[in-house]
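Reminder, nothing fancy here: chain letters follow the sequence lines and each chain counts from 1. Computed from a predicted structure; not experimentally measured.
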Protein chains: 2
Amino acid sequence: MMIQYKTKPTAEACLASINAVRDALYVLNGKWKMPLIIALVNGPKRFKDIQRSLQDITPKVLSKELRDLEMNEFVERKVFDTVPVTVLYELTPYADTLGPILEALRAWGTEHRQRIVESRRSEPVAV
Amino acid sequence: MMIQYKTKPTAEACLASINAVRDALYVLNGKWKMPLIIALVNGPKRFKDIQRSLQDITPKVLSKELRDLEMNEFVERKVFDTVPVTVLYELTPYADTLGPILEALRAWGTEHRQRIVESRRSEPVAV
DNA sequence: GATACCGGTATCCTTTTGGATAGTAGTATC
DNA sequence: GATACTACTATCCAAAAGGATACCGGTATC
């Protein structure tokens with residue numbers, strides 16, 4: 001049997017990173033959460049306005065995603081007693097701490113799309 | 001009817017950000033992809049070693065995730081003609097461009113866990 | 001001969017995710 | 001009176017993600 005260094009320094013650090021990223025993904029995972037947060041960075045929006053920003057999201061899914069974000073304290077739901085009622089969704093200060101993640105994803109996504117487009121150009125066309 | 005500024009500068013920029021993030025998520029989404037990439041940052045690993053790093057991942061899922069990462073050019077699979085064969089999975093230079101995203105997630109995840117732990121401390125215990 | 005390691009597959013199943021479609025109460029508008 | 005808006009909910013369904021379990025051929029080890 002081989003002697004295993006179960007806690008090699010690099011292995012330990014690696015495991016810690018993996019777990020930290022898993023913790024982050026646990027609340028941010030999914031198709032809509034981060035795009036939805038971005039949709040609110042320029043100020044609070046109403047339900048239908050968000051739906052328009054994120055074209056293609058159905059009301060059921062949007063409603064569920066908003067509830068998730070509320071539970072994780074990224075979003076606050078504010079109801080105004082107008083007639084008919086107005087509901088605004090607003091980012092919390094805690095959501096602001098996601099800035100670096102969102103900016104990194106935005107930057108990388110932009111480059112990635114460029115890369116894909118360019119690689120398509122040099123490929124034969126498949127029918 | 002209200003006149004809508006369909007292409008307000010901020011709305012345009014917002015939409016571009018949303019789409020960029022969506023592009024990024026399209027290849028990075030899921031429970032395992034980013035943790036898996038981190039498991040390989042300290043050098044190439046063998047199948048079983050990765051499985052041990054990401055405790056709990058089943059071979060079927062790991063195999064699928066590795067194939068996905070290979071298709072997106074984040075990982076290269078290298079087979080060595082030993083007896084029995086040795087297979088190494090190694091990050092490509094393109095995977096290195098994910099550095100800022102992973103680092104941002106790691107940092108945020110670490111803080112987030114702290115926050116959760118602290119908020120649990122001040123809560124009544126539910127049975 | 002039994003067991004263990006390697007690099008996976010095969011099969012089956014559950015859960016989660018996401019979507020399509022329709023509908024609701026209330027107001028306002030044409 | 002018909003239609004449209006807001007902020008959703010209800011129902012049903014398809015697809016994807018993820019997991020449990022078992023297994024394979026080959027080698028090596030006890």
Side-chain angles (χ1 to χ4, degrees), chain A residues 1-6 18 21-23 25-37 39-40 44-72 75-90, chain B residues 1-4 6 18-19 21-23 25-37 39-40 44-72 75-90:
Chain A
M1 200 212 252
M2 225 177 117
I3 294 170
Q4 298 248 351
Y5 288 89
K6 282 182 188 171
I18 289 173
V21 169
R22 292 234 255 174
D23 290 340
L25 290 179
Y26 184 75
V27 291
L28 296 174
N29 212 357
K31 184 175 174 179
W32 295 111
K33 295 213 171 44
M34 297 201 265
L36 181 37
I37 290 171
L40 293 174
K45 279 188 183 158
R46 308 173 67 166
F47 191 88
K48 285 281 182 183
D49 289 332
I50 300 173
Q51 217 184 330
R52 275 184 282 265
S53 296
L54 302 175
Q55 50 184 38
D56 290 347
I57 195 170
T58 63
K60 179 195 130 181
V61 173
L62 177 55
S63 165
K64 186 236 177 195
E65 297 291 310
L66 283 169
R67 258 179 280 130
D68 286 353
L69 292 179
E70 233 189 306
M71 283 199 335
N72 285 307
V75 163
E76 198 180 343
R77 181 175 186 269
K78 293 184 172 172
V79 182
F80 295 86
D81 196 12
T82 54
V83 172
V85 292
T86 302
V87 181
L88 282 186
Y89 293 91
E90 187 172 15
Chain B
M1 199 214 252
M2 227 178 115
I3 295 170
Q4 297 250 349
K6 283 184 186 167
I18 289 173
N19 285 332
V21 170
R22 292 235 258 174
D23 290 339
L25 290 179
Y26 184 75
V27 290
L28 296 175
N29 212 356
K31 184 175 176 179
W32 295 112
K33 295 213 172 44
M34 296 200 267
L36 181 36
I37 289 170
L40 294 174
K45 279 188 182 155
R46 308 173 67 165
F47 191 89
K48 286 281 180 184
D49 290 330
I50 300 173
Q51 217 185 330
R52 274 184 283 265
S53 297
L54 302 175
Q55 52 185 40
D56 290 346
I57 195 169
T58 62
K60 179 195 130 182
V61 173
L62 177 55
S63 164
K64 187 237 175 193
E65 295 292 310
L66 283 169
R67 257 179 279 129
D68 286 353
L69 292 179
E70 233 191 306
M71 283 200 333
N72 285 307
V75 163
E76 197 179 343
R77 183 177 185 268
K78 292 184 172 172
V79 182
F80 295 86
D81 196 12
T82 55
V83 172
V85 292
T86 303
V87 181
L88 282 185
Y89 293 91
E90 188 172 15

Listed partners of B/Arg77 passing side-chain contact (heavy atoms from CB on, under 4.5 Å), at least two apart: B/Glu70, B/Val79, B/Val87, B/Tyr89

Which residues share a salt bridge (charged side-chain N to carboxylate O under 4.0 Å, His left out) with B/Glu90, sequence neighbours left out: B/Lys78

Test side-chain contact (heavy atoms from CB on, under 4.5 Å) applied to B/Pro84 - qualifying residues, sequence neighbours left out: none

Which residues share a side chain to side chain donor-acceptor pair (under 3.5 Å) with B/Asp49, sequence neighbours left out: B/Arg52

Minimum heavy-atom distance between B/Leu25 and A/Met34, given as atom pair plus value: CD2-CE, 3.6 Å

Counterpart residues, side-chain contact (heavy atoms from CB on, under 4.5 Å), relative to A/Lys33 (two or more places apart): A/Glu65, A/Asp68, A/Leu69

Terminal helix-axis angle for the helix from C/dG1-D/dC30 to C/dC30-D/dG1, with five pairs defining each axis and rounding to 10 degrees: 10°

Euclidean distance, atom NZ of residue A/Lys78 to atom P of D/dA7 [Å, nearest integer]: 16 Å

Distance test, side-chain N/O of B/Arg52 to OP1/OP2 of C/dC6, below 4.0 Å: yes

Per-nucleotide protein contact string for nucleotides 7-19 of chain C, where B marks a base within reach and S marks sugar-phosphate only (heavy atoms under 4.0 Å, - for neither): BBB-BB----SBB

For B/Asp23, side chain to side chain donor-acceptor pair (under 3.5 Å) partners two or more places apart: A/Arg113

Listed partners of A/Lys60 passing side-chain contact (heavy atoms from CB on, under 4.5 Å), at least two apart: A/Thr58

